[in-house]
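Just below is one structure, and these are the notes that go with it.
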Amino acid sequence: MLKIHNTLTGRKELFEPLVSGTVRMYVCGVTVYDECHIGHARSAFVFDVVRRYLEHSGFSVTFVKNFTDVDDKIIKRANELGKPWQEITATYIDAYYRDMGRLGIKPATVEPKATEHMAEIIGLVQVLLTKGAAYQVNGDVYFQVERYGSYGRLSKRKLDDMQAGARVEVDERKRHPMDFALWKGAKSGEPAWPSPWGPGRPGWHIECSAMSMKHLGETFDIHGGGADLIFPHHENEIAQSCAATGKEFARYWLHNGFVQINQEKMSKSLGNFFTIREIFEKWRGHWSGESFQNDLLTAEVLRYFLLATHYRSPLDFSDIGLEEARNTLNGFYGLFQRLEESAGKEEQGDVRIQPLLERFGDVFGQAMDDDFNTPVAIAEFQRLRSEVNKLLGIGLSRSARVDALGAFRRFGEVLGLFQLKKWQFNVCLKPVPMTGEAHLRAEAVIVRGSQALTDEEIERQLADRLEARKRKDFAKADAIREALEERGIIIEDRPDGTSRWKR
RNA sequence: GGCGCCGUACCCAAGUGGCUAAGGGAGCAGUCUGCAAAACUGCGAUGCGGCGGUUCGAACCCGCCCGGCGCCUCCA
């Protein structure tokens, strides 16, 4: 039984979708005026896992994630760069797909754009005007918050309380300071669409109401986004949607916590944010081998790191945190490699593998059912890793090993983890510094990695080393091992005298 | 001024009224090994920011205090 923490009630609630067996969810995507940062990555990972787990649990999920592609910030950026605003949005939509692809985020079922829903948006504004929930001032249309009795329900604030500390210059034309724009009349040179109120563009909040209703219906199951969207964005969405339809809007509201840097919110004004692209560049030097693989490794480390903290908690982003995630993953992939080896016919551990895997399936489900508790789910993976390692020490047959590996792959897929074919051992112990001598050293490792040895060459070296060890020429054996290590190849000797290697 | 969050071992991080406070990383010691590496075993919070209170019983509930943060304005 899945329980979800609902921001609307502040409690964990049993999740029961409107239509049994199906889930309709909407997540606020990005405003495409700049590159995505780690905060976007966290949100993307969180709702990716929510979606994956719902599907794993047997629900048919319709997942809508929008692009805000018309907005004041986009106009501002376009003016700064002297480019058409469409060029800005196109650029950053491309960047978004590039980043999300690298991160391994499954695309949403529908990815609507505000600019492609003008008819729906205008229609919704008209309904609100007709119902007296909105009013027109020159070319603008505002939503009248005092006409919606439950305003503040989501963010748990009262209109009166907010006025007290408001630091905004009050627009004289508004009837209430918290009234917000549904439609903004265009000044010259601004993007504009024709409307009954003159040329203009939608306000920020109305697009999400219009698009979610179009693609999911007037009432749907889950609405999500970052915690910073609770107010005013989601509060306003609820107000205008409920005012328009008279029905319940989204039933469960999920919000992920912030990513912080050194205990502070990551923000552009503090200058302490990292883009997703920067993370990939910085971590390239952790890996050797083919560069296309490096992105997969970095994405897995990042995903593991972010999912190791509960989605509602604040999370401090740090290189050390990523390194710990890397170290742990290294242990998992070491086990996977051993499970795949063909050697070993013993099977004393076999009788214990099925109960172990069954128990794992249960506790994994319990953890995820408890408001998507990925840290506990991951802890159970770690426990399983340890248990399987022990059984491997006792002896597992081929089929038992296949079963064990299958469990890691199958349940790992729900979190988006453990899907790599090959893990590449790190050759750098620190992230690549952006400057200085250490940077050059790290670059040298990358170059060595790019001139990676072929499997055949490595196998030949291993044969030489095996020969040397048989002759008890350990100096030579160690020299071969060190030479390979220089090039990012790690050797592990097995008890029977043969060796396994990994990059 | 209003609303809210966080503080668990060297680090990360679950747990939110009741068995010995999960799990991982790092460290140390040991087993194995020609040596390594990996794996395994052992060690590691008499205590969960502090002080009171409620309770048979609290890291978990209540109060106060200390420290840190967020929202109320664009923000994942």
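In what follows, chains carry the letters A, B, and so on, assigned in the order in which the sequence lines appear, proteins first and then strands, with residues in each chain numbered from 1.
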Checklist line | Candidate nucleotides B:A26, B:A76, B:C11, ranked by approach to the side chain of A:Asn327 - the nearest | finding: B:A26
Margin query: Is the terminal nitrogen or CZ of A:Arg359 (NZ for Lys, CZ for Arg) located under 6.0 angstrom from the six-membered ring centre of A:Phe364 and within 45° of that ring's axis?
Written below: no
Checklist line | Verdict with reasoning, A:Ser209 to A:Glu237, per side-chain hydrogen bond (donor to acceptor under 3.5 Å, both in side chains) | finding: CA-CA 6 Å; A:Ser209 290; A:Glu237 271 189 60; 4.6 Å; no
Checklist line | Residue pair A:Tyr53 / A:Gly365: nearest heavy atoms and the distance that separates them | finding: OH-O, 3.3 Å
Notebook entry, point to check: According to a strict under-4.0 Å criterion, is A:Asn330 in side-chain N/O contact with OP1 or OP2 of B:A37?
Noted result: no
Item checked: Per A:Ala379 side chain, nearest of listed nucleotides B:G23, B:A76, B:G24 -> B:G23
Next item on the list: Would you indicate which nucleotide in B:C72, B:G34, B:G25 comes nearest to any side-chain atom of A:Phe231?
Entry: B:C72
Checklist line | Distance flag, aromatic centroids of A:His5 and A:His255, threshold under 6.0 Å | finding: no
Note to self: In whole Å, measure the gap between the P atoms of B:G27 and B:A59 for me.
What the structure shows: 32 Å
Item checked: Ion pair A:Glu380/A:Arg383, N-O distance below 4.0 Å -> yes
Margin query: Using OP1 and OP2 only, check whether a side-chain N or O of A:Arg383 sits under 4.0 Å from B:A14.
Written below: no
Notebook entry, point to check: Judged by atom type as modelled, is there a donor-acceptor pair below 3.5 Å linking the side chain of A:Glu207 to the main-chain atoms of A:Ala114?
Noted result: no
Item checked: A:Phe231 six-ring face occupied by A:Arg157 cation (under 6.0 Å, within 45°) -> yes
Next item on the list: From the options B:A76, B:G25, B:A13, select the nucleotide whose nearest atom is closest to the side chain of A:Pro375.
Entry: B:A13
Check: In whole Å, what is the span from the CG atom of A:Leu339 to the C1' atom of B:A39?
Finding: 12 Å
Check: What is the distance from OH of A:Tyr333 to P of B:A39, rounded to the nearest Å?
Finding: 16 Å
Next item on the list: Using a strict cut-off of less than 4.0 Å between a Lys/Arg side-chain nitrogen and an Asp/Glu carboxylate oxygen, indicate whether A:Arg500 and A:Glu492 qualify as a salt bridge.
Entry: yes
Note to self: Take N1-N3 plus N6-O4 or O6-N4 for Watson-Crick, N1-O2 plus O6-N3 for G-U, both under 3.5 Å. Which runs of 3 or more such pairs involve RNA chain B?
What the structure shows: B:1-7 with B:66-72, B:10-12 with B:23-25, B:27-31 with B:39-43, B:49-53 with B:61-65
Margin query: Using OP1 and OP2 only, check whether a side-chain N or O of A:Thr309 sits under 4.0 Å from B:A13.
Written below: yes
Check: Rounded to whole angstrom units, what separation is found between the NE2 atom of A:His234 and the P atom of B:C71?
Finding: 16 Å
Item checked: Rounded distance in Å - CD (A:Gln260) to C1' (B:A13) -> 15 Å
Check: Do A:Asp228 and B:G70 have a side chain to base donor-acceptor pair shorter than 3.5 Å?
Finding: no
Margin query: Taking only side-chain N and O atoms of A:Lys158, does any of them lie within less than 4.0 angstrom of OP1 or OP2 on B:C72?
Written below: no
Notebook entry, point to check: Heavy-atom contacts under 4.0 Å between residues 1-14 of chain A and RNA chain B, which residues?
Noted result: none
Notebook entry, point to check: B:C72 phosphate, OP1 or OP2: any side-chain N/O from A:Ser155 under 4.0 angstrom?
Noted result: no
Notebook entry, point to check: Of A:Pro232 and A:Lys390, whose nearest nucleotide on RNA chain B comes first from the 5' end?
Noted result: A:Lys390
Next item on the list: Compare side-chain N and O positions of A:Asn389 against OP1 and OP2 of B:C40 and report whether any pair is under 4.0 Å apart.
Entry: yes
Notebook entry, point to check: Cation-pi between A:Arg303 and A:Phe45: NZ/CZ under 6.0 Å from ring centre and within 45° of the ring axis?
Noted result: no
Check: Considering only side-chain heavy atoms of A:Arg481, which listed nucleotide, B:A36, B:A76, B:G23, is closest?
Finding: B:A36
Notebook entry, point to check: Between A:Asp496 and A:Arg494, is the closest basic N to carboxylate O distance under 4.0 Å?
Noted result: no
Check: Which value, in whole Å, describes the distance between the P atoms of nucleotides B:A29 and B:A22?
Finding: 25 Å
Notebook entry, point to check: Given atom CG of A:Leu315 and atom P of B:A13, what is their separation to the nearest angstrom?
Noted result: 7 Å
Check: Given B:A37, B:A14, B:C35, which nucleotide is nearest the side-chain atoms of A:Ser313?
Finding: B:A14
Check: Atom CD of A:Glu482 to atom P of B:A37: distance rounded to whole Å?
Finding: 13 Å
Notebook entry, point to check: Is the base of B:C35 touched by the side chain of A:Asp493 through a donor-acceptor pair closer than 3.5 angstrom?
Noted result: yes
Next item on the list: Tell whether A:Arg469 reaches the base of B:G34 with its side chain through a donor-acceptor pair below 3.5 angstrom.
Entry: yes
Note to self: Nearest to the A:Asn373 side chain among B:A22, B:A14, B:G25, which nucleotide is it?
What the structure shows: B:A14
Item checked: A:Leu356, A:Leu357, A:Leu396 screened by side chain to side chain contact (heavy atoms under 4.5 Å, CB included) with A:Asp403, the one that passes -> A:Leu357
